[in-house]
Amino acid sequence: MSDKPSYYLTTAIFYPNGEPHIGHAYEYISADVMARFKRLDGYEVYFQTGSDEHGQKMQLSAEKEGLTPYELATRNAAVFKRVDDEVLDISYDRFIRTTDEDHYAASQEIWRRMVQAGDIYLDKYAGWYSIRDERFYTEDETEVRDDGERYSIETGTPVTWTEEESYFFRLSAYRDKLLKFYADNPDYAGPRSRFNEVIRFVENGLNDLSISRTSFDWGVPVPKDLTAGETDLDHVMYVWVDALTNYLTGAGFPDTTSERYRKFWPADLHVIGKDISRFHCIFWPAFLMSAGLPLPKRVIIHGFLHNAGEKMSKSVGNVVAPDAWVNTYGLDAVRFFLLREFPYGSDGSYTHDAVVSRKNADLANNLGNLAQRSLSMIAKNCEGRVPEPGELTEADTALLNQAKELLAINREAYEVQDFHHALERTWHVLGEANAYFAEQAPWQLKKTNEARMRTVLYVTAEVIRKVALLTQPVMPGSATKLLDVLGVPASGDAGRTNASGQGPRSFAAFGEKLVPGTPLPKPQPVFPRHEEE
RNA sequence: CGGGAGUUAGCUCAGUUGGUUAGAGCAGAGGACUCAUAAUCCUUUGGUCGUGGGUUCAAGUCCCACACUCCCGACCA
């Protein structure tokens, strides 16, 4: 293995019970962008995504369809995986399934450790249980309707009184430890406003957590040697121990001596949606503390996407499928839009016009057209080679310096997943470059001062090179094409693999310059304007 | 009900520890240019910073109340 610094990041694993929508895509894409950025910046990245396949719901659905739960999970997980692979070009290193064999081993080991720590005990859970919701309700969360049956008020699903033996995790004992941890690690979760919600929640006290079930068997079994003497029932782990542990599984746990584990655990970043922040900011660190394992460094909580300000929902019929968008706008435009349009962490609202506007104004006009106009002048007036610049004027160096600062600006922004800001600053420099180009008017210099024209064209192309390098994570395909037409020797793969960490297309080459005399291919537009159908 | 977040130009957003005439991009208007993807550049219209109070020499920026929107309220992508 290399001695490069490591970076381990994950998305949440999704419960594969429906079609992936643009919200899933948002999470995949943002994590992918982060992974690619780090690879291009010289890190050895391990990027994991996957599916959460256990649970009673899966078991019941499978029965209805006459499948085994595993068959159903396999079929449904493939739908999500296909979106990663064929629609969004997600550069994950492993698509983990909680039904994977090594995941069983990891889940059982963390359970064992929590038992050894004295944090797991057997008790009874009693309450109104909704199978549909897979959860218990307290009495006042339910109502008896006219039909004499009892229903959950919140979700309207039928509930039945259920008493079930269950193992519990002593979460209540972790209140103070967690609060101290939050205080010592103010960047553990972001954005700050969401982290504050979590902290407030913990301050109010924590109840112990039911972490096993006996009413169904589609899950990771609690090891029999741990239940012997306590119960004869077969317990399977209930959602969160199983699900969260996938992050450890990916790092090679339980083999804590392996090179893989030492390199990648603790994880650097968990990318999650705001709906599951409590699990990642409270349960997860508590489990790990109990198991005596290092805690992940950061959890970033993204917002939800709204269709023209309205929540996406099947009943309203405004759910957008990722491939529908990709077919309409193109993958890179979609990726760019999602990260540029709204600050990461806030909810975002999209409309057709907003996507088209970004695609045309930012991509086709400001970037694509600038590249095309400068490169076609080079093709026509500089023998199709990178021109030789003369002495630089103040205007030249001012622009070049602005472009040069972008690497540091981007690094800083990516460190806290502020993609919106990174792109805003990058496009600000493109605005400056367009103004520079118009101010210098190389098409007039052509008649009066060809040496000066060559300098202007060189400076412009060099700025575009820097921008193209930095936009590889966001728009791998387009940025690659852009670097192609700039004659930057092919190397790496726009962040898809760790090979991207070196060579002329890595960030290590950011400070270098286009080499005068390099032959250039015939310029071709990289960012077409949007055509309405 | 309880707790929390938000409310800045038509739209999407910036606004540092309170300090001179509140910013950007897009959209709109006018002009320029012709290298370029009807793109670009320049100029410009547009905001009583949700409402009402308060603190202060000074508040979008702190405090209080109200309005609207949204989130969470215990095991639910």
Side-chain angles (χ1 to χ4, degrees), chain A residues 12-18 20-21 23-24 27 51-52 57 125 127 130 132-138 141 152 154-155 157 166 168-169 171 191 193-194 196-201 203-211 238-240 243 272-279 282-283 303-304 306 309 311 340-343 346-351 353-354 356-358 360-381 420-421 424-425 427-428 431 433-446 453 456-457 460 523-529:
Chain A
I13 52 175
F14 293 107
Y15 203 66
N17 61 343
H21 56 61
H24 295 102
E27 179 163 321
S51 55
D52 176 15
K57 226 189 293 185
Y125 204 112
S130 160
R132 286 252 295 279
D133 301 338
E134 284 190 353
R135 62 174 278 199
F136 281 93
Y137 290 94
T138 57
E141 288 174 327
S152 154
E154 191 184 326
T155 60
T157 57
S166 169
F168 283 78
F169 175 74
L171 185 64
S193 57
R194 298 226 178 276
N196 287 342
E197 286 178 12
V198 168
I199 293 171
R200 173 60 68 123
F201 184 84
E203 281 171 349
N204 289 337
L206 298 168
N207 289 342
D208 288 350
L209 207 58
S210 167
I211 54 171
Y238 182 61
V239 56
W240 289 106
I272 62 164
K274 63 181 184 179
D275 52 327
I276 51 176
S277 60
R278 285 213 316 274
F279 310 116
I282 301 173
F283 299 179
F304 283 176
H306 298 265
K311 204 178 278 192
R340 173 65 185 87
E341 186 73 0
F342 12 77
S346 311
D347 288 352
S349 177
Y350 57 80
T351 60
D353 287 350
V356 170
S357 175
R358 285 294 173 199
N360 285 343
D362 287 354
L363 298 182
N365 298 352
N366 285 326
L367 177 53
N369 183 57
L370 179 65
Q372 187 61 15
R373 67 199 300 211
S374 54
L375 286 169
S376 55
M377 279 203 76
I378 289 173
K380 288 174 191 164
N381 304 297
H420 170 263
H421 185 238
E424 182 178 58
R425 292 299 299 271
W427 255 256
H428 174 73
N434 272 306
Y436 164 88
F437 201 82
E439 172 80 12
Q440 301 298 321
W443 56 92
Q444 286 180 1
L445 292 169
K446 179 179 156 187
M453 172 198 76
V456 170
L457 293 176
T460 304
Q524 291 190 331
V526 175
F527 296 99
R529 290 179 60 79

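The figures that follow rest on heavy atoms only: side chains count, while hydrogens, waters and symmetry mates do not. Chain letters run A, B, ... following the sequence lines, proteins first, then strands; residues in each count from 1.
- On the C1' atoms, B/A14 is 28 Å away from B/G30, given to the nearest whole Å.
- Below the 3.5 angstrom threshold, one finds a donor paired with an acceptor across the side chain of A/N369 and the base of B/A36.
- Counting to the nearest Å, the P atom of B/A24 and the CG atom of A/N434 are 17 Å from each other.
- Going from the P atom of B/G46 to that of B/A36 covers 37 Å, rounded to whole Å.
- At B/G4, none of the side-chain N or O atoms of A/R194 fall inside 4.0 Å of OP1 or OP2 (strictly under the cut-off).
- Computed from coordinates, the A/W443 CH2 to B/C35 P distance equals 9 Å when rounded to whole Å.
- Taking atom CZ of A/R425 as the reference point, atom P of B/A24 lies 15 Å away to the nearest angstrom.
- To the nearest whole angstrom, the two P atoms, one in B/U40 and one in B/A77, are 46 Å apart.
- Between A/K274 and B/C70 there is no side-chain polar atom (N or O) within less than 4.0 angstrom of OP1 or OP2.
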Every protein N/O within reach of nucleotides 10-14 of chain B N/O, cut-off under 3.5 Å:
residue	atom	partner	partner atom	Å
B/U12	O2'	A/E341	O	2.5
B/C13	O2'	A/H420	NE2	3.3

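- Looking only at distances, a side-chain donor or acceptor of A/D208 sits under 3.5 Å from a matching main-chain atom of A/L171.
- The nucleotide whose nearest atom lies closest to any side-chain atom of A/L209 is, among B/A77, B/A36, B/C75, B/C75.
- Here B/C35 presents its P atom at 10 Å from CG of A/N381, a figure rounded to the nearest Å.
- Of the candidates B/A74, B/C35, B/A39, the closest approach to any side-chain atom of A/N365 belongs to B/A39.
- Side-chain contact between A/I282 and A/F201 is present, with at least one heavy-atom pair separated by less than 4.5 Å.
- The 5' end of RNA chain B is approached more closely, in terms of each residue's nearest nucleotide, by A/D362 than by the other of A/A435 and A/D362.
- For the pair A/D275 CG and B/A77 C1', the computed distance is 6 Å after rounding to whole Å.
- The OH atom of A/Y436 sits 11.0 Å away from atom CG of A/L370, with the distance rounded to the nearest 0.5 Å.
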Review point. What would the secondary structure line of RNA chain B be in dot-bracket form, counting Watson-Crick and G-U wobble pairs under 3.5 Å, with [ ] for pairs that cross earlier ones and | for pairs with another strand?
Key: (((((((..((((.....[...)))).(((((.......))))).....(((((..]....))))))))))))....
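- Taking the side chain as every heavy atom from C-beta outward, A/F168 and A/S210 approach each other to under 4.5 Å.
- Taking the side chain as every heavy atom from C-beta outward, A/D275 and A/F304 approach each other to under 4.5 Å.
- Rounded to an integer number of Å, the gap from CZ of A/F279 to C1' of B/A77 is 10 Å.
- A/K380 comes within 4.0 angstrom of the backbone, heavy atoms only, and of no base.
- In this structure, CG on A/L206 lies 10.0 Å from CZ on A/F169, to the nearest 0.5 angstrom.
- B/G50 and B/A38: their P atoms are spaced 41 Å apart (whole Å).
- To the nearest 0.5 Å, atoms NE2 (A/H428) and CG (A/N366) are separated by 12.0 Å.
- Here, B/C68 and B/C41 have their C1' atoms 42 Å apart, quoted to the whole Å.
- A gap of 37 Å separates the C1' atoms of B/A65 and B/A27, to the nearest Å.
- Following rounding to the nearest Å, A/F168 (CZ) and B/A74 (P) show an atom-to-atom distance of 16 Å.
- For the C1' atom pair drawn from B/U43 and B/G52, the interatomic distance equals 39 Å after rounding to whole Å.
- Relative ring orientation between A/W443 and A/F437 is described as tilted, the plane-to-plane angle lying within the 30° to 60° band.
- The A/Y15 side chain lies nearest to B/A77 when the options are B/C26, B/A77, B/C75.
- Residues A/L367 and A/W427 form a side-chain contact, since some pair of their non-hydrogen atoms from C-beta on lies under 4.5 Å apart.
- Nearer to the 5' terminus of RNA chain B, by closest-nucleotide assignment, is the contact made by A/S357 (compared with the other of A/Q444 and A/S357).
- At distances below 3.5 Å, not a single donor-acceptor pair connects side-chain atoms of A/E341 with backbone N or O atoms of A/A354.
- Expressed to the nearest 0.5 Å, how far CG of A/D347 lies from NZ of A/K274 amounts to 3.5 Å.
- Separating the C1' atom of B/G28 from that of B/U69 is a span of 28 Å, rounded to the nearest Å.
- Within the 4.0 angstrom heavy-atom criterion, base atoms lie near A/L206.
- Panel note: side chain A/N369, backbone A/A364; no donor-acceptor pair is recorded below 3.5 Å.
- Remark: C1' of B/A77 and CD1 of A/I272 are 12 Å apart, rounded to the nearest angstrom.
- No contact: A/V356 has no heavy atom under 4.0 Å from any strand.
- Counting only heavy atoms from C-beta on, A/W240 has its side chain closest to B/C75 among B/C75, B/C76, B/C35.
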